[in-house]
Amino acid sequence: MSSVNSPARAAIMIIHLDMDAFFASVEQMDNPDLRGRPVIVGGSSDRGVVSTCSYEARAFGVHSAMPMVVARRLCPQAAIVRGNYRRYGELSNAIMASLRDFSPLVEPASVDEAYMDATGLERLFGPLDELMAAIKTRVFDVTGGLTCSVGAAPVKFLAKICSDVNKPNGVFILRPEEVDAFLCALPVGRIPGVGKRMVQSLQEMGIRTVGQLRHFSPEAMERRFGKWGGALYERVHGRDNRKVETGRAAKSESAECTFAEDTRDRDFLQRMLMAHAERVGTSLRKHGYKGRTVTLKVKFCDFKQVTRSRTLEEPINATETIFQIGCQLLAELSFPQPVRLIGLGVSGFDAPANQLFLPGTGKAAGQNLDPQVEEKRQKLDAALDSLRQKFGGQAVQRGRLFTLAQQESAPERVNNGKGDGLGKKPEGVKKSDGKPSS
């Protein structure tokens with residue numbers, strides 16, 4: 001694999017654009033009374049979490065995914081708004097369209113960030129710094145006044161790091177000849193994919209910078225961190241073969257919810273799994289996807305999180321099958337603490353039929369599906385989908401969900417992997433655009 005400093009790749013430059021505190025900035029732009037004030041977007045109850053916050057709120061230590069009760073304690077004067085996700089979606093579409101005016105090679109990474117292949121664009125728009133300034137101006141104009149931060153580098157993960165260097169409203173360009181010096185001085189936690197646990201593990205090894213991590217061989221890193229260790233070795237040497245993809249294939253579809261009160265009630269949790277299986281299955285069928293891996297996600301009241309997965313021989317999208325496997329995974333899970341959140345997802349859309357199975361999954365777990373049962377379930381799903389399409393989403397409901405439909409204690413998040421939360425949503429519900437994740 002060639003280095004970013006090789007002549008063959010020297011001309012490649014990728015831009016990463018990241019909107020500045022997008023949701024909060026939209027609220028401040030649309031409501032002059034919020035300008036200059038700390039603003040937090042998210043659920044207002046103690047069970048809610050921060051979706052995003054303004055830079056004024058970040059000065060008090062507030063950050064995304066923080067429990068709302070903690071955010072209010074840190075910044076009691078903050079204005080908390082539920083958020084207008086339809087508005088965010090409209091602006092996101094305008095931003096992505098404006099980027100395509102510069103290049104057809106634009107890859108939306110989420111509702112508020114995107115990659116663009118800028119290779120060769122200097123012939124049309126002048127030097128790279130002028131192109132990036134033009135992009136920022138265009139985004140400001142099409143959104144009515146929002147700012148963004150833009151980074152440019154020879155590979156994708158470095159471009160993403162660069163967009164964060166001079167936030168907010170900043171620009172940073174990393175030339176190929178500057179990559180080694182930039183990376184060696186970088187804290188290991190700045191590498192995308194290196195989370196808090198890995199940072200702690202590396203620090204226990206005496207490693208704090210990328211330069212220190214470069215002394216390890218790929219074999220040593222794979223022994224320590226598994227498959228990710230090999231990818232990490234490439235990253236710390238500035239290598240990333242991923243291209244800007246304008247049409248990424250879906251990888252997963254999932255739904256999750258946080259409860260108003262922590263619970264150990266397995267019957268209630270199973271009903272929630274049915275609700276999730278219904279939404280996930282409906283979305284998969286709508287977009288023509290089937291997946292082989294079903295994943296259960298559980299977060300306890302102490303915020304510790306566990307996931308359990310099972311991989312099948314055949315791909316599925318039947319609601320009852322997704323639910324059944326989710327319940328099996330739930331039954332195998334002990335509850336050291338009451339449950340705060342539960343989620344269910346399907347992935348492995350393009351997994352090969354004759355894949356290798358981990359212990360406890362797939363064939364080893366006896367997950368052979370009965371073709372006749374699956375056919376009946378698919379016919380039932382098709383009938384229900386047709387009725388809902390004709391008469392509305394609430395026209396017909398499975399019996400297990402009758403009592404659940406009257407409960408309003410479970411804020412839900414349908415996750416399509418983009419973190420966008422687009423679309424009109426009821427109180428306490430954060431809803432996606434319904435497309436499988438990329």
Side-chain angles (χ1 to χ4, degrees), residues 1-6 8-10 12-16 18 50 58-59 61-67 70 109-110 113 115 149-168 170-244 251 295 297 299-300 302-307 309 358 417 419:
M1 188 176 297
S2 61
S3 167
V4 295
N5 291 325
S6 66
R9 301 197 63 179
I12 296 177
M13 290 298 284
I14 294 174
I15 288 175
H16 181 261
D18 192 5
V50 176
R58 297 181 191 191
V62 181
H63 58 78
S64 300
M66 173 181 283
V70 176
S110 71
E113 61 177 318
Y115 293 95
S149 295
V150 186
V155 295
K156 287 179 77 172
F157 89 91
L158 283 173
K160 183 174 177 63
I161 292 173
C162 290
S163 68
D164 195 50
V165 170
N166 289 322
K167 263 188 168 291
V171 173
F172 186 84
I173 299 174
L174 182 65
R175 308 286 180 181
E177 64 273 13
E178 301 167 340
V179 167
D180 283 341
F182 178 82
L183 269 174
C184 286
L186 207 66
V188 290
R190 294 290 302 277
I191 301 293
V194 177
K196 292 182 179 179
R197 290 186 179 180
M198 181 172 282
V199 169
Q200 182 178 356
S201 178
L202 289 169
Q203 288 179 344
E204 290 172 356
M205 298 167 60
I207 300 170
R208 287 173 169 75
T209 67
V210 171
Q212 293 173 314
L213 193 54
R214 281 189 170 193
H215 294 296
F216 288 79
S217 69
E219 293 77 17
M221 293 179 72
E222 286 186 10
R223 283 195 301 270
R224 179 76 181 190
F225 301 111
K227 183 178 179 180
W228 166 235
L232 181 59
Y233 178 85
E234 297 299 317
R235 295 281 175 92
V236 301
H237 287 83
R239 297 191 284 259
D240 183 356
N241 277 347
R242 296 175 303 156
K243 298 180 180 179
V244 174
K251 294 182 179 179
T295 299
K297 173 182 176 180
K299 183 180 290 186
F300 298 103
D302 58 359
F303 288 88
K304 290 184 178 179
Q305 178 177 302
V306 297
T307 58
S309 297
L358 296 175

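As a basis for the values below, the full set of heavy atoms in this structure was taken, side chains included, without hydrogen atoms, waters or symmetry mates. For the single chain, residues carry numbers from 1 onward in sequence order.
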Taking the side chain as C-beta and beyond, is there a heavy-atom pair between E234 and N241 under 4.5 Å? no
Would you say the side chain of L158 lies within less than 4.5 Å of the side chain of L183, judging by non-hydrogen atoms? yes
Measure across V179 and G238 and return the closest heavy-atom pair with its distance rounded to 0.1 Å. CG1-CA, 4.4 Å
Calculate, to the nearest 0.5 Å, the distance between atoms NE2 and CG belonging to H237 and L232 respectively. 10.0 Å
Counting C-beta onward and ignoring hydrogens, is there a side-chain heavy-atom pair between F172 and D164 closer than 4.5 Å? no
Residues G230 and E222: closest non-hydrogen pair is N-CG, 3.5 Å
S149 side chain to D18 main-chain N or O, any donor-acceptor pair under 3.5 Å? no
All heavy atoms of M66 vs all of G61, minimum pair found to be CE-O, 3.3 Å
Exercise: identify the closest heavy-atom pair between Y115 and V244: O-CG1, 4.0 Å
Has the side chain of E178 got a donor or acceptor atom that lies under 3.5 Å from a matching backbone atom of R175? yes
Roughly how far, to the nearest 0.5 Å, is the CD atom of E113 from the NE2 atom of H16? 3.5 Å
Could you measure the distance from the OG1 atom of T209 to the CZ atom of R214? Nearest 0.5 Å is fine. 10.0 Å
Any side-chain to backbone donor/acceptor pair from D240 onto V155? Under 3.5 Å, distance only. no
Identify the heavy atoms of T295 and S309 that sit nearest to each other, and give their distance. OG1-OG, 2.8 Å
For the atom pair CZ (F157) and CZ (R190), what is the distance rounded to the nearest 0.5 Å? 11.5 Å
Considering all heavy atoms of both residues, which atom of A152 and which atom of I15 are nearest to each other, and what is their separation? CB-CG1, 4.1 Å
Given side chains that start at C-beta, do those of H63 and R58 come closer than 4.5 Å, heavy atoms only? no
Using 0.5 Å steps for rounding, measure from the SG atom of C162 to the NZ atom of K167. 13.0 Å
For L213 and M205: C-alpha separation, side-chain torsions, deciding distance, then whether side chain to side chain contact (heavy atoms under 4.5 Å, CB included) applies. CA-CA 10 Å; L213 193 54; M205 298 167 60; 5.9 Å; no
Do the non-hydrogen side-chain atoms of F216 and I207 ever get within less than 4.5 Å of each other? yes
Check whether any side-chain heavy atom of V188 sits under 4.5 Å from a side-chain heavy atom of Q212, and report yes or no. no
So do the side chains of R235 and P192 get within less than 4.5 Å of each other, counting heavy atoms only? yes
So, do L174 and I161 sit near enough that their side-chain heavy atoms are less than 4.5 Å apart? no
Please report the interatomic distance CD1(I12) to NZ(K243), rounded to the nearest 0.5 Å. 8.0 Å
